[in-house]
Number of protein chains: 2
Amino acid sequence: MRPTLADVAAKAGVSASTASLAFSGSGPVSDATKERVLAAAAELGYGGPDPRARSLRRGRSGIVAVVLAERVRAAFLDPVNIQMLDGITEGIAPLGAGLLLLTDTGEEGGNAVGIESAPVDAVVLIGCSPRVGRSVEVLRRRGIPSVAIEGAVGEDIPEISIDNREATRRGAEYLRDLGHTDVAIVTLPFDAARTRGPLTPELERGSTADTASERLRGARDVFPEISGRVAATSSIEEGREAGKVLLTVPAHRPTAIIAQSDLLATGVVLAAEELGLSVPGDLSVLGFDGIRVDGLQHDLTTLEQPSVDKGRAAGEAVVSMLAGEPPASRCFTSTLHVGDTTAPPR
Amino acid sequence: MRPTLADVAAKAGVSASTASLAFSGSGPVSDATKERVLAAAAELGYGGPDPRARSLRRGRSGIVAVVLAERVRAAFLDPVNIQMLDGITEGIAPLGAGLLLLTDTGEEGGNAVGIESAPVDAVVLIGCSPRVGRSVEVLRRRGIPSVAIEGAVGEDIPEISIDNREATRRGAEYLRDLGHTDVAIVTLPFDAARTRGPLTPELERGSTADTASERLRGARDVFPEISGRVAATSSIEEGREAGKVLLTVPAHRPTAIIAQSDLLATGVVLAAEELGLSVPGDLSVLGFDGIRVDGLQHDLTTLEQPSVDKGRAAGEAVVSMLAGEPPASRCFTSTLHVGDTTAPPR
DNA sequence: GGGGCGGCTCGAATCGATTCGACCGTAGAA
DNA sequence: TTCTACGGTCGAATCGATTCGAGCCGCCCC
């Protein structure tokens with residue numbers, strides 16, 4: 001058996017309470033006693049108070065969960081997510097808590113630790129679908145503060161978002177003002193199944209992804225008849241594929257493409273160039289996010305969103321909720337960055 | 001007060017033990033009773049057993065910690081780390097555990113949850129310095145299985161590594177066989193302070209980074225007099241800066257540069273091209289890792305290491321240690337991938 | 001010398017669930 | 001009819017630490 005605090009206390013000739021005081025540092029303990037306890041601990045090979053017991057008693061575990069909508073590798077492919085993660089880290093810094101990575105991939109398999117069974121103090125949901133509703137209900141019951149970034153999951157949980165629709169509209173207006181009328185779109189996936197393919201009314205109607213829907217609405221505000229492709233995820237590769245399909249219909253080739261993420265936009269640019277089209281000469285491309293895509297030769301025209309701020313806001317939100325303050329949603333605004341991937345149509 | 005299992009049991013008219021059985025599913029409970037308990041729980045707004053209490057009693061928390069050597073954002077900049085993370089996820093899948101992200105950034109500040117105070121079942125250290133030695137000692141005392149990836153941290157903790165020295169040597173030999181004699185190197189940082197600058201004997205001597213040291217040795221095996229620059233981190237930007245410095249000394253410009261990571265190598269390629277040098281015509285560049293750098297026009301000549309496998313092996317190692325099996329180290333081998341960034345010198 | 005006060009230490013309750021062995025009633029077997 | 005077996009339930013101990021109020025002791029001051 002591994003030694004416990006009680007063993008250490010016994011060895012040091014003090015009570016368990018005193019030994020606890022000696023370890024936690026707080027509370028009045030004479031130096032002599034403290035030293036005796038520490039010595040006893042060292043001798044017994046005691047590794048300090050068990051975090052499990054401590055967290056039960058204290059009611060805090062020092063862990064904040066981050067729930068991703070997709071598997072870890074996929075999520076981290078997009079720098080936006082990493083930036084948000086970084087922001088969250090900053091936001092919860094006063095808590096000194098660790099980040100527990102969880103994924104919202106359908107039901108939890110068997111013994112899998114999910115949102116419901118992890119000893120966490122708070123939860124940040126990133127881009128989660130309403131599918132997590134049931135889990136969120138459990139969190140509410142347990143009184144675990146939760147915040148959602150981009151994704152409405154429940155009434156009383158605050159949401160950190162951006163002006164997806166308005167931002168996209170501004171971008172679309174910019175394209176229109178340049179003279180574009182023939183515009184296509186490459187969207188993020190609409191459902192949990194991440195169906196790839198043409199943009200159909202069914203897909204739109206069955207959408208569980210607010211971000212994709214809102215950005216699409218913004219585009220429709222300016223180009224009501226816009227059509228396009230739905231990507232399976234936010235990646236350069238997906239963008240390239242979608243771009244190829246959209247651009248190899250010469251009869252009706254668009255003069256501009258709105259992509260719902262910079263990664264997708266980058267893919268579209270690459271697809272265009274592979275097809276011998278010049279950007280922005282033959283094709284204008286508008287992105288979304290404002291990340292710097294490593295290696296892309298262009299300065300993407302895009303809607304810059306404050307990813308790190310979003311993460312930080314989410315972190316700060318759970319901190320204040322943990323402190324008993326009421327939850328507060330927050331909406332950031334994006335700004336149009338005009339780069340060199342947009343120009344008037346030929 | 002939030003309801004507890006006892007409250008639910010009372011409401012349902014059963015004992016706490018029976019209620020527990022009803023929730024955990026295991027154990028013989030009549031359907032009628034189970035239903036009554038669940039109904040009582042629903043009525044009371046009970047959110048299921050408290051994970052904290054459960055983990056204390058069971059002795060397992062369902063959480064595996066991953067300790068990174070640098071802050072989250074920095075670590076995830078390098079795809080190698082993400083790949084390893086993904087591998088770890090696969091490796092520990094049978095555990096169904098969540099991944100707790102922790103960083104080894106010096107001492108733990110105040111209330112910060114560190115390796116020592118987090119309720120984890122196992123720990124995977126990634127590229128950590130011996131600085132974590134003290135924490136590892138605590139883990140040993142607590143009997144928490146630990147594994148290190150690339151970084152010797154203690155005698156009895158198994159290490160998952162690759163043949164850093166031999167691999168680099170093979171790469172260097174390849175360069176030598178191509179005819180290069182004037183070769184420089186861009187290394188990963190040698191110390192926790194991440195000092196950037198020229199490669200000096202002091203830096204080398206004070207190294208706490210095995211990976212950088214071993215790869216350097218491998219290069220020295222072939223080019224004993226090799227000199228170069230130390231980067232502050234593995235990134236394209238750092239590689240570019242180092243490359244610029246190395247290549248703007250025309251009097252003694254190297255014909256080949258060995259970079260200790262693909263990100264650094266990419267930066268070197270970009271630096272060369274910015275200076276009007278052609279790769280591989282004027283300069284050969286050798287990388288390390290075998291990641292596909294998004295957007296780089298070249299097919300990097302590099303030493304491919306099995307990152308995902310490393311992560312998976314680490315995950316499997318902690319799983320087997322958790323099952324009581326003795327720890328086992330493992331060393332993978334890297335293979336030279338010849339791309340289009342190396343050629344004989346002019 | 002007595003009262004009071006302050007600093008340290010101790011007991012005991014508590015956090016919330018899990019689990020093992022005991023117990024009970026009934027049904028089937030001998 | 002009695003014994004066995006078994007499904008179902010309950011009590012009580014346990015996991016390991018924290019915390020609050022009480023108590024003890026010594027010292028200072030009147």
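Here is the naming used below: chain letters follow the sequence lines, and residue numbers restart at 1 for every chain.
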Discussion item. Can you say whether a donor on the side chain of R58(A) sits under 3.5 Å from an acceptor on the base of dT18(D), or the other way round?
Written reply: no
Worksheet item: Looking for any heavy atom pair under 4.0 Å, which part of the strands does S20(B) touch: base, sugar-phosphate only, or nothing?
Response: base
Discussion item. By the 4.0 Å heavy-atom rule, please label S30(A) as base, sugar-phosphate, or nothing.
Written reply: sugar-phosphate
So which nucleotide from [options] ends up closest to the side chain of [X]?
X      : options                  : value
P28(B) : dG16(C), dG8(D), dT19(D) : dG8(D)
L5(B)  : dA17(C), dT9(C), dG16(D) : dA17(C)
T18(B) : dT9(D), dG16(C), dC10(C) : dT9(D)

Non-hydrogen side-chain atoms of [X] and [Y] separated by less than 4.5 Å:
X      : Y       : answer
R52(A) : D121(B) : yes
L5(A)  : S20(A)  : yes
V8(B)  : V37(B)  : yes
I88(A) : L99(A)  : yes

Worksheet item: Below 4.0 angstrom from OP1 or OP2 of dC10(C), is there any side-chain N or O of S15(A)?
Response: yes
What is the distance from [atom1] of [X] to [atom2] of [N], rounded to the nearest Å?
X      : N       : atom1 : atom2 : value
R57(A) : dT14(D) : CZ    : C1'   : 16 Å
D7(A)  : dC15(D) : CG    : C1'   : 13 Å
R60(A) : dT18(D) : CZ    : P     : 16 Å
R2(A)  : dG16(D) : CZ    : P     : 10 Å
L21(A) : dC8(C)  : CG    : P     : 11 Å

Worksheet item: Any ion pair linking K34(A) and D31(A) (charged N to carboxylate O, less than 4.0 Å)?
Response: no
Item to complete: Report, as yes or no, whether the 6.0 Å neighbourhood of atom CG on D156(A) holds more than 12 heavy atoms from other residues, nucleotides or ligands.
Response: yes
Discussion item. Heavy atoms within less than 4.0 Å of DNA chain C: which residues of residues 32-54 of chain A have one? Give them sorted by number.
Written reply: T33(A)
Fill in: Contact nearer the 5' end of DNA chain D, comparing V29(B) with L56(B)
V29(B)
Fill in: Side-chain donor-acceptor contact under 3.5 Å, S135(A) with E116(A)
yes
